[in-house]
Protein chains: 4
Amino acid sequence: MGTAGRPRSEESHKAILQAAYDLLHEGGFARFTFERVAARAGVSRSTIYRWWPSKGALAMESAFDALSVELAFEPSRSPVDNFRTRLRLVAVALKGRPGRIIAGMLAEGQQDPGTIEIFTKLYIEPARRITRALLHQAVDEGFLRPDFDIEMAIDIAFGALYHQLLLGRTLERDWIDRLVDFIFRGALIEPSPIPN
Amino acid sequence: MGTAGRPRSEESHKAILQAAYDLLHEGGFARFTFERVAARAGVSRSTIYRWWPSKGALAMESAFDALSVELAFEPSRSPVDNFRTRLRLVAVALKGRPGRIIAGMLAEGQQDPGTIEIFTKLYIEPARRITRALLHQAVDEGFLRPDFDIEMAIDIAFGALYHQLLLGRTLERDWIDRLVDFIFRGALIEPSPIPN
Amino acid sequence: MGTAGRPRSEESHKAILQAAYDLLHEGGFARFTFERVAARAGVSRSTIYRWWPSKGALAMESAFDALSVELAFEPSRSPVDNFRTRLRLVAVALKGRPGRIIAGMLAEGQQDPGTIEIFTKLYIEPARRITRALLHQAVDEGFLRPDFDIEMAIDIAFGALYHQLLLGRTLERDWIDRLVDFIFRGALIEPSPIPN
Amino acid sequence: MGTAGRPRSEESHKAILQAAYDLLHEGGFARFTFERVAARAGVSRSTIYRWWPSKGALAMESAFDALSVELAFEPSRSPVDNFRTRLRLVAVALKGRPGRIIAGMLAEGQQDPGTIEIFTKLYIEPARRITRALLHQAVDEGFLRPDFDIEMAIDIAFGALYHQLLLGRTLERDWIDRLVDFIFRGALIEPSPIPN
DNA sequence: CTTTAATCGAGACGGTACGTCTGGTCTTGTT
DNA sequence: AACAAGACCAGACGTACCGTCTCGATTAAAG
């Protein structure tokens with residue numbers, strides 16, 4: 001098989017991702033450059049160019065763990081409540097450093113389609129998947145009308161959140177609640193199937 | 001009073017804005033630099049630095065007219081229909097060059113808060129104002145429930161649109177219709193107050 | 001004896017020399033790199049490094065045949081005429097591609113003594129040997145004074161030729177004739193020993 | 001007049017030439033790079049690129065003084081002796097650092113015609129001019145035959161010297177004397193016009 | 001028939017330098 | 001003052017080679 005050649009140095013690989021991660025957290029996308037990553041990682045620039053096609057790709061890969069970090073929560077019996085809880089957690093994350101990184105990623109992606117592609121695959125899609133499951137469950141269990149437009153609800157939820165983020169708004173808890181209310185307006189089936 | 005000194009050259013001012021506008025349309029934000037604008041306008045770089053604090057500010061100012069361009073339409077008697085029509089027009093604009101410029105502006109703004117500020121004031125706020133008026137009218141005239149959350153509807157509408165834009169999606173007409181339907185879901189008062 | 005191990009691949013060896021030769025003729029020394037040679041020859045870089053200590057060494061070996069090529073000529077009865085004919089032929093060669101290669105070799109040698117050494121041994125010395133024989137014959141046969149400084153004549157002849165070459169001059173036939181005249185000035189024995 | 005713009009920094013200019021000069025003397029052409037010159041001079045790389053078109057041009061300019069260094073000598077009454085003295089001095093210079101620099105210059109010039117051009121104009125031509133004057137005087141004053149080929153004598157003298165230099169030979173005093181003898185062989189008019 | 005030794009390909013690695021570009025700043029003379 | 005002109009430093013870009021270094025696979029002669 002084609003396993004010839006000197007094997008990739010796992011050490012360098014890790015050092016690069018770590019350095020990238022650190023730089024991203026310290027200065028955001030603005031101060032994130034290949035040169036700095038290389039210097040910080042103690043690695044030659046060409047090694048980075050060999051493995052990552054763009055700044056966005058490297059940033060995405062290095063930040064992925066941090067981005068998908070602990071959005072877990074104790075699910076309640078109502079998927080609608082779970083949806084609300086989840087959006088609140090996402091909002092909290094977006095208010096912090098992960099938010100700045102995501103914003104930077106979206107910005108970078110406007111100049112480089114490859115970055116958007118990676119970002120979508122690694123971050124957006126998984127996030128939507130989780131949310132989609134929640135809403136499907138809500139419909140299946142009779143909390144939401146059967147004709148509820150799940151995909152649009154997701155587009156709207158994340159769209160609104162990211163829009164606030166990109167415009168530098170604060171994502172207050174109250175705003176999140178109004179968002180959730182709006183989304184479920186006229187979609188909830190009363191009385192709730194959950195007895196008392 | 002202190003009005004001594006050479007007066008600002010209106011000629012240069014216009015040449016700069018025109019050159020900036022052209023560059024923005026030719027190559028988007030990526031190829032938009034002070035150097036190029038200065039060269040194209042036949043103006044020294046320092047003159048630009050004197051009057052605009054950042055790339056974003058100059059881009060915004062030069063592109064403003066083009067962005068707020070022809071979204072006018074023949075209003076119908078139903079403000080809800082007008083809202084739908086307006087979103088469709090916005091979507092059409094976002095699919096074209098203005099969309100790429102707006103995306104670039106949002107991207108630039110992630111590195112420079114000043115740009116976001118100007119962008120918000122010059123573009124976002126006016127756009128929201130028009131939309132807000134439409135929805136207020138719809139409530140006032142009895143098309144929408146009195147407790148309809150107008151601000152959130154606006155956040156959602158633009159958030160969803162821009163989210164699609166930034167992720168490189170296509171903004172199909174069908175998607176716009178579903179968006180409008182979702183927003184008005186459960187908010188419409190039937191029967192319509194418009195007779196026949 | 002220690003002749004174990006896989007034998008050297010004659011195929012690769014030839015492919016390398018051929019590729020080196022081609023590259024040298026296509027782009028001169030400037031575009032002649034180990035990387036390109038390896039790629040062209042379909043050979044790994046390390047194989048080249050194993051067998052040739054430097055670019056100059058490889059270049060020299062690959063170009064040798066081309067350099068010492070067709071300087072043969074029909075000798076006349078006068079060794080002095082033969083010397084003149086020979087210098088003319090050398091000049092013609094130096095005006096063409098071999099000249100550019102030789103110039104490149106001398107240039108390379110200024111950074112790497114090994115290259116000069118090989119170049120001297122493979123090219124300079126043989127060329128001098130032929131010329132030396134001619135002049136010795138001329139002295140022996142009574143065309144030139146017995147105290148003619150043969151070695152210096154050779155130093156001068158090649159020195160002058162290469163100097164022109166390195167300074168980018170054109171090596172006109174007229175100049176060659178003046179060079180030969182100068183070298184033999186006061187050294188010819190008259191009348192010529194060749195009876196008519 | 002077109003004297004607008006920030007004037008060239010004499011400080012930087014001098015620092016660059018000094019740094020270039022130092023590097024050339026420390027490591028020869030091999031270790032002479034724009035990067036190093038910039039770093040040593042405390043100057044940005046672009047400033048060097050703005051003013052010098054190539055490494056060779058910068059090297060030449062920085063080394064010129066050192067190259068044309070003290071070849072002055074007390075002239076005797078015989079221009080032929082002066083010629084001999086001059087060649088000896090040139091040889092001494094070529095044996096030292098200036099020789100390595102000149103060799104590097106010629107080498108560099110093989111890849112970049114511009115360098116050869118500058119080198120010829122700044123160094124070769126002036127050196128020939130001095131030598132030419134000496135030989136003209138020798139003819140005029142009756143030391144050399146009127147039909148002595150002065151230009152070829154110069155071509156030969158420098159050609160032979162540089163050839164030795166480029167081949168890494170040692171330029172012994174004895175060799176110089178034989179060179180001069182060869183050049184004047186059969187060209188001297190006896191008895192010398194200089195009365196004793 | 002299995003070591004052992006050398007070669008070969010593939011290809012990664014740390015480096016160095018290239019030439020270009022942009023961002024901001026500054027220093028002039030001119031208007 | 002504002003302006004054109006243009007120099008300056010800083011620093012990142014992406015590319016090209018360098019010479020070295022693993023690796024696994026191949027190929028013979030030697031044990």
Side-chain angles (χ1 to χ4, degrees), chain A residues 1-13 31-39 41-51 53-55, chain B residues 2-9 11-13 31-36 38 41-51 53-55, chain C residues 1-13 31-39 41-51 53-55, chain D residues 1-13 31-39 41-51 53-55:
Chain A
M1 265 280 303
T3 59
R6 177 173 175 172
R8 179 171 186 176
S9 159
E10 261 318 303
E11 201 175 352
S12 291
H13 189 178
R31 303 186 58 84
F32 181 82
T33 67
F34 276 16
E35 299 234 348
R36 253 192 260 273
V37 173
V43 147
S44 84
R45 223 146 37 91
S46 52
T47 298
I48 305 185
Y49 279 108
R50 199 180 345 261
W51 296 107
S54 66
K55 284 208 308 182
Chain B
T3 60
R6 178 175 176 174
R8 178 170 186 177
S9 157
E11 200 176 351
S12 290
H13 188 177
R31 303 186 60 84
F32 181 82
T33 67
F34 277 17
E35 300 229 345
R36 257 190 259 272
V43 147
S44 83
R45 237 157 11 108
S46 53
T47 300
I48 305 183
Y49 278 107
R50 198 183 341 263
W51 299 107
S54 66
K55 283 211 307 184
Chain C
M1 268 284 298
T3 60
R6 177 173 179 174
R8 178 171 186 175
S9 157
E10 260 318 303
E11 200 175 353
S12 290
H13 188 179
R31 303 185 59 84
F32 180 83
T33 68
F34 277 16
E35 297 231 348
R36 255 192 258 272
V37 173
V43 146
S44 84
R45 237 152 14 101
S46 54
T47 300
I48 306 185
Y49 278 108
R50 196 182 342 261
W51 298 108
S54 66
K55 282 208 310 183
Chain D
M1 269 279 302
T3 58
R6 178 174 177 172
R8 179 171 186 176
S9 159
E10 261 318 303
E11 201 176 351
S12 290
H13 188 179
R31 302 184 60 84
F32 181 83
T33 67
F34 277 16
E35 299 231 348
R36 253 191 259 272
V37 173
V43 146
S44 86
R45 228 145 32 91
S46 54
T47 299
I48 305 185
Y49 279 108
R50 185 168 320 124
W51 297 108
S54 66
K55 282 209 310 183

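Letters go in sequence order (proteins before strands), and every chain restarts at 1. In this text the structure is predicted, and so the values were computed from the model without any measurement.
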Practice prompt. Please tell me which of Glu35(B) and Pro7(C) maps to the more 5' nucleotide of DNA chain E, matching each residue to the nucleotide holding its nearest heavy atom.
Written response: Pro7(C)
Worksheet item: If you pin Ser9(B) and Thr33(C) to their nearest nucleotides in DNA chain F, which one's is more 5'?
Response: Ser9(B)
Fill in: Interatomic distance where CZ belongs to Arg36(B) and P belongs to dC21(E) [whole Å]
8 Å
Discussion item. Regarding Arg31(C), tell me which of base, sugar-phosphate or nothing describes its non-hydrogen contacts under 4.0 Å with the strands shown.
Written reply: nothing
Worksheet item: Are Thr47(B) and dA4(F) close enough that a side-chain N or O sits under 4.0 Å from OP1 or OP2?
Response: yes
Discussion item. Without decimals, in angstroms, what is the distance between Phe34(C) CZ and dG19(F) C1'?
Written reply: 9 Å
Fill in: No-H, no-angle donor-acceptor pair, Arg6(C) side chain to dT26(F) base, under 3.5 Å
yes
Worksheet item: So, is Ser12(D) near the phosphate of dC9(F), with a side-chain N or O under 4.0 Å from OP1 or OP2?
Response: yes
Worksheet entry | Along DNA chain E (nearest heavy atom to each residue), the more 5'-positioned of Arg8(A) and Ser54(B) | Arg8(A)
Discussion item. Using whole Å, what does the distance between atom C1' of nucleotide dA16(F) and atom OH of Tyr49(A) come to?
Written reply: 13 Å
Worksheet item: Has the side chain of Arg45(D) got a donor or acceptor atom sitting under 3.5 Å from an opposite partner on the base of dG19(E)?
Response: yes
Worksheet item: Looking at residues at least two apart in the chain, or sitting in another chain, which of them share a side-chain hydrogen bond (donor to acceptor under 3.5 Å, both in side chains) with Ser12(B)?
Response: Ser9(B)
Worksheet item: Looking at Trp51(B), does any N or O in its side chain come under 4.0 Å of the phosphate oxygens OP1/OP2 on dC3(F)?
Response: yes
Worksheet item: Between Lys55(A) and Val43(B), who's closer to the 5' end of DNA chain F by nearest nucleotide?
Response: Val43(B)
Discussion item. Taking any heavy-atom pair under 4.0 Å as a contact, classify Arg50(A): base, sugar-phosphate, or nothing.
Written reply: base
Discussion item. Expressed as a whole number of angstroms, how long is the span from Ile48(D):CD1 to dA10(F):P?
Written reply: 12 Å
Worksheet item: So with a 6.0 Å cut-off around CZ of Arg31(B), is the heavy-atom count from everything else above 12?
Response: no
Discussion item. Rounded to whole Å, please give me the gap between CD in Glu10(D) and P in dA7(F).
Written reply: 13 Å
Discussion item. Is it the case that the base of dG11(F) and the side chain of Ser44(D) share a donor-acceptor contact (distance under 3.5 Å, atom types as modelled)?
Written reply: no
